[in-house]
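So the structure is just underneath, and the comments pick up after that.
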Amino acid sequence: MASRAAAAIALVCAVLALAAAAEAKDLVVGGGGGGWKVPAQADALNKWAQATRFQVGDNLLFRFDGAADAVLEVTKEDYGRCSTASPVATYKAASGGGATVPLTRSGAHYFVSGAPGSCDKGERLIVVVMSEKHGGRSHGISAPAPAPALESQSPIAAGLSPVPAAAPAPAPASGDAGRTAASGALLLAAALLGAAATLAGF
C-alpha cells in the first residue's frame, strides 16, 4: 500500500511540473533593466529577443512613458524602413506605464517605437514566436531562439550572396492557438491524476 501511495505522489508531482511548464510567460521587453526606450546600443533590443524563446500564449510587457511613446506592430517592410505610417496594431500605455502584447500566433512579429526618430536610433524589435509543434516548454532549460536575419547587409554583400528571407512559421491548425498547449496539459494532468488515484486505491 505504501509503494502505491509513493507512486501516486510521484505521478502527481510529475503532472504538476508538466502543467507548470506549459503555462504562458510574461516577458518584460529588454529584460529586467531594459524597457521600451532608445537603447544605449542600437541592436540591444534585438539581442535580447534573440536570446529569448517566445511561445504562442506568452505576453510581451513593454514598459515605457505613455505620454512620449507607443508600441507599433508593423509589417517586415515597415520595420526595415522604420515607418510608422500604417501600423498593423498600436499599443498605448495603460495606467501602469506600459502595454501588454499577447503573442497569439507563431512566426515573426515586428515592433517599432511610435516616438519620432526613436526607431532609427534602435527602438525596434523583432520577436520570433515558436510554432506549437516545435516550441515545447523546456522545464527551465532555455535555448536561444533562432536569430532573424537583420536587414543591414551592404548592397555589395547582398549581391554576392543573396540570402532568401525566412518565411514565418506556419500558423497553428487550431483557432484557439493560445489555449491548445494548456488544454493538452490539463487533459494529461486529469488522466494522470485519475491513474494515480486508482493506484492509490481511492
Side-chain angles (χ1 to χ4, degrees), residues 24-31 34-64 68-93 98-135 142-175 177-178 180:
K25 293 182 182 178
D26 290 336
L27 301 156
V28 177
V29 171
W36 188 242
K37 61 184 178 184
V38 174
Q41 296 176 339
D43 61 348
L45 291 171
N46 279 321
K47 282 186 177 179
W48 168 80
Q50 290 170 0
T52 306
R53 191 172 284 268
F54 302 96
Q55 306 288 327
V56 171
D58 287 347
N59 294 303
L60 295 177
L61 305 177
F62 288 86
R63 303 284 183 232
F64 60 94
D69 205 351
V71 178
L72 306 179
E73 187 167 2
V74 297
T75 64
K76 180 179 180 179
E77 294 76 23
D78 284 346
Y79 175 88
R81 294 188 302 255
C82 277
S83 174
T84 60
S86 50
V88 174
T90 300
Y91 303 96
K92 298 188 179 206
T100 300
V101 177
L103 299 173
T104 59
R105 65 170 178 80
S106 60
H109 298 258
Y110 302 89
F111 300 96
V112 299
S113 169
S118 292
C119 176
D120 292 319
K121 296 175 186 171
E123 191 176 353
R124 62 186 191 161
L125 175 68
I126 301 171
V127 171
V128 178
V129 179
M130 303 297 290
S131 71
E132 289 184 46
K133 180 177 178 183
H134 297 99
S142 179
L150 298 178
E151 298 177 24
S152 60
Q153 238 181 356
S154 73
I156 295 171
L160 293 176
S161 59
V163 179
S174 167
T180 303

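What's counted below: heavy atoms across the whole structure, side chains too, no hydrogens, waters or symmetry copies.
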Drop me the distance from [X]'s [atom1] to [Y]'s [atom2], to the nearest 0.5 angstrom.
{"X": "T100", "Y": "R63", "atom1": "OG1", "atom2": "CZ", "answer": "6.5 Å"}
{"X": "M130", "Y": "D58", "atom1": "CE", "atom2": "CG", "answer": "11.5 Å"}
{"X": "R105", "Y": "S131", "atom1": "CZ", "atom2": "OG", "answer": "13.0 Å"}
{"X": "H109", "Y": "T75", "atom1": "NE2", "atom2": "OG1", "answer": "13.5 Å"}
{"X": "F111", "Y": "L45", "atom1": "CZ", "atom2": "CG", "answer": "12.0 Å"}

Checklist entry - Angle class for the W48/F54 ring planes (parallel below 30°, perpendicular above 60°, tilted otherwise)? => result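 W48 vs F54 ring planes: perpendicular.
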message: Over 60° means perpendicular and under 30° means parallel, so tell me whether F62 and W36 are parallel, tilted or perpendicular.
response: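 The arrangement is perpendicular - the two ring planes meet at more than 60°.
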Which atom of [X] lies closest to which atom of [Y], heavy atoms considered:
{"X": "N46", "Y": "I126", "value": "OD1-N, 2.7 Å"}
{"X": "V74", "Y": "S83", "value": "CG1-O, 3.8 Å"}
{"X": "A68", "Y": "A115", "value": "O-CB, 3.5 Å"}

Whether D78 side chain and P87 backbone form a donor-acceptor pair below 3.5 Å: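 Answer holds: no.
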Handout entry: Check: R124 side chain, C82 main-chain N or O, donor-acceptor pair, under 3.5 Å
Key = no
message: Just by distance, no angles: are the side chains of S113 and D69 close enough, under 3.5 Å, to form a donor-acceptor pair?
response: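 Yes, side-chain donor-acceptor contact under 3.5 Å.
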